[in-house]
Amino acid sequence: MKVIIEKNYEKMSQTAGRMVEEQIRQKPDAILGLATGSTPLGLYKELILKYKNGLDCLNISTFNLDEYVGLAPEHPQSYHYYMRKNLFSHINIRQENIFIPNGIAPDLKKECNNYERAIKNKGGVDLQILGIGRNGHIGFNEPGSEFDSKTRVVNLSKETIKDNSRFFDEKSDVPQKAITMGIGTILQAEKIILMIAGDSKREITKKFLATEPTPEIPATALKKHKHTVVLINKSLL
Ligand code: PGA
């Protein structure tokens with residue numbers, strides 16, 4: 001695991017943007033693993049800029065980490081909606097190359113197994129983007145998640161539900177469950193970029209850096225991965 005301290009959020013987004021660009025230039029049909037939340041917004045802006053400046057995204061495929069159970073793709077708080085709004089509607093990716101778990105699938109278990117299979121059928125993720133939760137989660141792998149876990153339905157922790165409630169009008173509207181790629185699924189990616197930004201992440205950043213791999217802090221699983229780069233906003237240290 002390589003740690004890079006970035007001067008600010010903008011620099012962090014630019015570094016991540018350069019790494020994603022390099023991946024696409026090296027392999028125009030790259031398979032990217034994508035994240036949602038506040039952290040990757042700057043990276044997506046960078047990618048849109050790069051696309052406008054000639055970076056071709058026609059042959060890339062993307063797999064998102066997670067989706068809320070019960071939210072339709074059109075729901076403004078769904079991750080389908082987030083991805084369309086913040087990235088996909090601005091670049092020339094093909095619709096059929098976009099993969100996001102379906103949170104309203106009639107058979108959720110089947111949906112999870114199919115998602116896992118779809119990643120394998122595409123040849124696996126070349127470059128995975130991650131953020132981190134205040135409780136150390138990656139995707140929606142909450143504390144206690146096994147390092148070999150696969151795509152599955154999970155119960156969101158109280159902390160995560162509280163953090164997510166800022167996006168919903170009513171607290172009771174916040175989904176309690178999600179589909180998430182497992183930690184084992186994430187670790188199968190060839191390369192991983194973990195981006196850590198936001199003042200609320202100060203405490204978890206210190207814990208993450210200081211702790212040996214333990215399911216209690218799911219992101220520490222990345223310390224077992226050979227090609228993980230962690231970008232940390234300097235203000236958090
Ligand atoms: P954030 O969320 O980027 O909105 O801080 C990250 C996460 O919870 O994984």
Side-chain angles (χ1 to χ4, degrees), residues 1-6 8-20 23 32-47 62-68 77-83 85-88 100-101 125 127-143 145 149 151 154 156-157 159-167 174-175 178-183 185-187 189 191-209 211 217-223 225 227-237:
M1 189 178 88
K2 182 175 163 194
V3 176
I4 301 177
I5 312 296
E6 296 286 358
N8 53 42
Y9 178 70
E10 201 186 352
K11 293 274 178 222
M12 166 186 286
S13 304
Q14 286 167 356
T15 302
R18 275 195 302 274
M19 291 167 81
V20 176
Q23 174 66 63
L32 304 178
L34 299 181
T36 50
S38 328
T39 307
L41 285 173
L43 162 62
Y44 296 151
K45 286 208 175 89
E46 286 292 319
L47 289 180
T62 60
F63 284 88
N64 264 81
L65 281 168
D66 42 22
E67 178 58 287
Y68 291 118
Q77 301 310 334
S78 74
Y79 290 162
H80 279 79
Y81 190 97
Y82 168 107
M83 289 308 302
K85 177 168 173 239
N86 295 305
L87 182 63
F88 297 148
I100 305 177
V125 171
L127 178 60
Q128 174 71 54
I129 305 298
L130 295 175
I132 187 171
R134 277 195 307 132
N135 61 4
H137 73 201
I138 46 176
F140 275 133
N141 293 284
E142 303 285 32
S145 299
S149 51
T151 304
V154 292
L156 300 178
S157 71
E159 202 167 23
T160 298
I161 293 170
K162 186 166 166 252
D163 286 349
N164 294 345
S165 64
R166 68 190 196 273
F167 301 111
V174 189
I179 294 179
T180 184
M181 276 187 199
I183 297 181
T185 321
I186 292 169
L187 291 176
K191 283 165 277 171
I192 298 175
I193 304 174
L194 170 64
M195 303 174 75
I196 311 186
D199 284 345
S200 64
K201 307 291 168 62
R202 199 159 277 126
E203 206 177 312
I204 191 62
T205 303
K206 292 203 174 74
K207 271 196 210 158
F208 164 70
L209 291 173
T211 313
I217 305 176
T220 57
L222 301 172
K223 296 187 176 191
H225 189 271
H227 301 288
T228 288
V229 175
V230 184
L231 305 179
I232 306 180
N233 191 339
K234 192 176 166 197
S235 68
L236 298 182
L237 299 174

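The first residue in the sequence is number 1, and the count goes up from there.
Ser149 contributes a side-chain N or O that, together with a main-chain N or O of Ile183, makes up a donor-acceptor pair within less than 3.5 Å. Remark: side-chain polar atoms of Gln128 are not paired, donor with acceptor, to backbone N or O of Ala189 under 3.5 angstrom. Panel note: side chain Lys223, backbone Phe208; a donor-acceptor pair is recorded below 3.5 Å. For the pair Tyr9 (side chain) and Gly42 (backbone), a donor-acceptor distance under 3.5 Å is present.
Applying the salt bridge (Lys or Arg N to Asp or Glu O under 4.0 Å) definition to pairs two or more places apart or across chains, none involves residues 227-237. Pairs engaging residues 35-46 under the salt bridge (Lys or Arg N to Asp or Glu O under 4.0 Å) rule: none recorded [sequence neighbours left out].
Shortest non-hydrogen contact noted between Pro101 and Ile179 is CB-CG2, 3.6 Å. For the pair Ser157 and Asn135, the tightest heavy-atom approach, listed with the atom from each and the gap, is OG-ND2, 3.2 Å. Of all non-hydrogen atoms in Met19 and Leu127, the two that sit nearest each other are O-CD2, 4.0 Å. The nearest pair of heavy atoms linking Asp199 to Leu236 is CA-CD2, 4.0 Å. For the residue pair Leu43 and Ala16, the shortest heavy atom distance occurs at CD1-C, 3.6 Å. What you find for Ala35 and Leu65 is that their closest heavy atoms are CB-CD1, 3.7 Å.
By the ring pair (Phe, Tyr, Trp, His ring centres under 6.0 Å) test, Phe140 is found to be paired with Tyr68, His137, residues two or more places apart in sequence or in another chain being considered. With sequence neighbours left out, the side-chain contact (heavy atoms from CB on, under 4.5 Å) criterion links Thr39 to Met195, Ala197, Lys201. For the salt bridge (charged side-chain N to carboxylate O under 4.0 Å, His left out) test, residues two or more places apart in sequence or in another chain that qualify with Arg134 are Glu159, Asp163. A search for side-chain contact (heavy atoms from CB on, under 4.5 Å) contacts involving Ser38 returns Arg166, not counting sequence neighbours.
Note that CD of Glu6 is 8.0 Å distant from CG of Asn8, once rounded to the nearest 0.5 Å. For the atom pair Thr228 OG1 and Leu222 CG, the distance stands at 5.0 Å (nearest 0.5 Å). With values rounded to the nearest 0.5 angstrom, Met181 atom CE is found 9.0 Å from Leu130 atom CG. Distance OH/Tyr82 to CD/Glu67: 12.5 Å, rounded to 0.5 Å. Note that CD1 of Ile4 and CG of Leu194 are 11.5 Å apart. Values are rounded to the nearest 0.5 Å. In this structure, CD1 on Ile129 lies 7.0 Å from CG on Leu34, to the nearest 0.5 angstrom.
Checked options Lys11, Met12, Glu10; the residue passing with Asn233 is Met12 (criterion: side chain to side chain contact (heavy atoms under 4.5 Å, CB included)).
Counting heavy atoms from C-beta outward, Asp66 and Val154 have side chains that stay 4.5 Å or more apart.
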